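Notes to accompany the following structure.
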Amino acid sequence: MTTITTVRIQSEPFVTAAEVAAITRGRTDAGAVVTFTGICRGDENGVPIASLTLEHYPGMAEAEIERHVAEAAARWPLIGVTVIHRFGRILPGDDIMMVVTVSSHRAAAFEAADFLMDYLKTRAPFWKQVEKTDGKIWVEAKATDDEAAGRWAAAGKHQAAE
Amino acid sequence: MTTITTVRIQSEPFVTAAEVAAITRGRTDAGAVVTFTGICRGDENGVPIASLTLEHYPGMAEAEIERHVAEAAARWPLIGVTVIHRFGRILPGDDIMMVVTVSSHRAAAFEAADFLMDYLKTRAPFWKQVEKTDGKIWVEAKATDDEAAGRWAAAGKHQAAE
Amino acid sequence: MKLKLRYFAWVRERIGKPDEDVDVPDTVTTVGELMSWLASRGEEYAHAFQNPKVIRAAIDRTHVKPQTAIAGAGEIAFFPPMTGG
Amino acid sequence: MKLKLRYFAWVRERIGKPDEDVDVPDTVTTVGELMSWLASRGEEYAHAFQNPKVIRAAIDRTHVKPQTAIAGAGEIAFFPPMTGG
């Protein structure tokens with residue numbers, strides 16, 4: 001099955017509905033669409049934040065995400081997958097990233113979105129800096145996030161190097 | 001945690017983005033939005049279909065869905081849940097139903113959406129009729145769907161009566 | 001006992017009407033007995049209820065089993081297993 | 001050996017620049033040895049590489065381990081563990 005895949009890393013906001021339409025428009029084999037949108041919250045563990053700044057490694061970030069999208073497309077029968085991840089300064093309430101998966105059946109769309117989100121929220125090639133009232137701090141990798149992402153490790157041979 | 005819940009059963013189409021905005025607009029505690037949209041496919045097991053007609057039991061359908069939405073809100077820390085299910089004649093490519101879950105964290109939004117979808121796609125109070133070239137037939141309940149929904153049965157005491 | 005009955009999907013199609021008001025004899029006390037009594041009312045009912053195991057029922061919009069008593073019911077509905085959206 | 005180095009997040013902040021071109025002595029053959037050599041180049045480098053275990057590396061945009069050889073590398077990047085979006 002040929003999967004339409006799109007990966008974009010951009011500073012501009014995105015419109016999830018437009019990304020869904022770009023995959024499903026004019027076709028009648030899509031039965032299930034799952035979208036996940038990650039939004040910048042106004043607090044971190046109860047402490048208010050002024051903004052989030054995301055840094056990435058241009059070129060490597062795209063390649064790494066594309067590799068995981070290709071893996072999802074190999075593991076589940078997907079019609080389309082779109083991943084958009086923003087970089088730069090993001091204010092509370094603004095979207096950070098988005099995953100859209102489209103399939104004929106809901107289980108494939110759902111599992112593929114879950115798989116990609118686990119990766120994107122934990123090991124995607126971004127570094128997050130949080131701006132609080134007392135200055136900016138880099139966010140450290142969380143063990144619980146790594147565990148969630150580890151659920152999928154059995155089939156991901158590349159993960160040994162990460 | 002107070003969860004904003006909305007359940008609508010309607011013949012009119014819906015706009016998923018508008019339903020997401022209705023929950024998240026102006027607030028900064030939402031970190032994760034999951035949407036699932038079920039679309040009418042143009043074929044059933046390889047046989048082309050002309051349309052799908054959904055019949056429901058007005059009053060009971062709303063009450064049953066609201067009961068499951070309330071259960072999701074009790075099990076996961078959700079900011080908002082919206083379920084919209086259409087009835088009447090639906091053409092291939094058109095949306096059938098939609099679940100939106102909003103939470104501070106992705107796991108809650110994702111699991112709650114999965115739970116509600118399993119219910120809605122298998123045991124929601126609708127009867128589906130498929131129109132093929134040789135006439136209309138009622139769709140029979142699928143055992144595999146029931147098994148997927150059964151994953152959640154442990155915590156649902158009401159399910160014994162279904 | 002006076003009852004409002006409602007039928008959905010192919011149960012409705014076979015019986016040929018979406019609802020009706022009936023007066024049920026006192027000997028009919030459970031949902032299962034109500035199905036047997038209905039099946040005896042004519043060919044269309046016999047056809048609708050020929051395999052009672054695949055028919056589901058609700059009393060006043062709540063799922064019930066064949067052994068559930070119908071005493072106090074306002075509206076009883078019969079339909080095939082729901083198939084979701 | 002001539003190399004392009006890139007730094008991200010707090011590694012970049014501590015060193016004070018996003019990238020640089022360096023000429024590495026022949027005795028430096030692995031990513032780990034490159035980190036040790038860099039740490040000896042001044043206070044800002046010593047600070048950035050003071051705990052090499054928390055620093056990740058990539059050769060030509062592919063994740064590598066400290067024991068990976070640097071022979072043939074074009075661009076080597078150093079950064080903290082990625083934290084996702």
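These numbers come from the heavy atoms of this one structure, side chains and all, not from hydrogens, waters or symmetry mates. Quick note on labels: first sequence line is chain A, next is B, and so on, each numbered from 1. Computed from a prediction, not measured in an experiment: that's the story for all the values here.
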- Taking all non-hydrogen atoms of both residues, which atom of A:T28 and which atom of B:G93 are closest, and how far apart? CG2-N, 4.2 Å
- Task: Hey, could you give me the OG1/CG distance between A:T24 and B:D95, rounded to the nearest 0.5 Å?
- Result: 8.0 Å
- Sort A:A109 into side chain, backbone, both or neither according to what part of it lies under 4.5 angstrom from a heavy atom of chain B. neither
- Side-chain contact, heavy-atom cut-off 4.5 Å: B:F110 with A:D114? yes
- Hey, is the main chain of A:S104 close enough, under 3.5 Å, to the side chain of B:R41 for a donor-acceptor pair? yes
- Task: With a 4.5 angstrom heavy-atom cut-off, could you sort out which part of A:T35 is near chain B: side chain, backbone, both or neither?
- Result: both
- Checked B:G42, B:A17, B:G26 vs chain A; the most non-hydrogen pairs under 4.5 Å come from B:G42
- Message: To the nearest 0.5 Å, what is the distance between CD1 on B:I39 and CZ on A:R27?
- Response: 10.5 Å
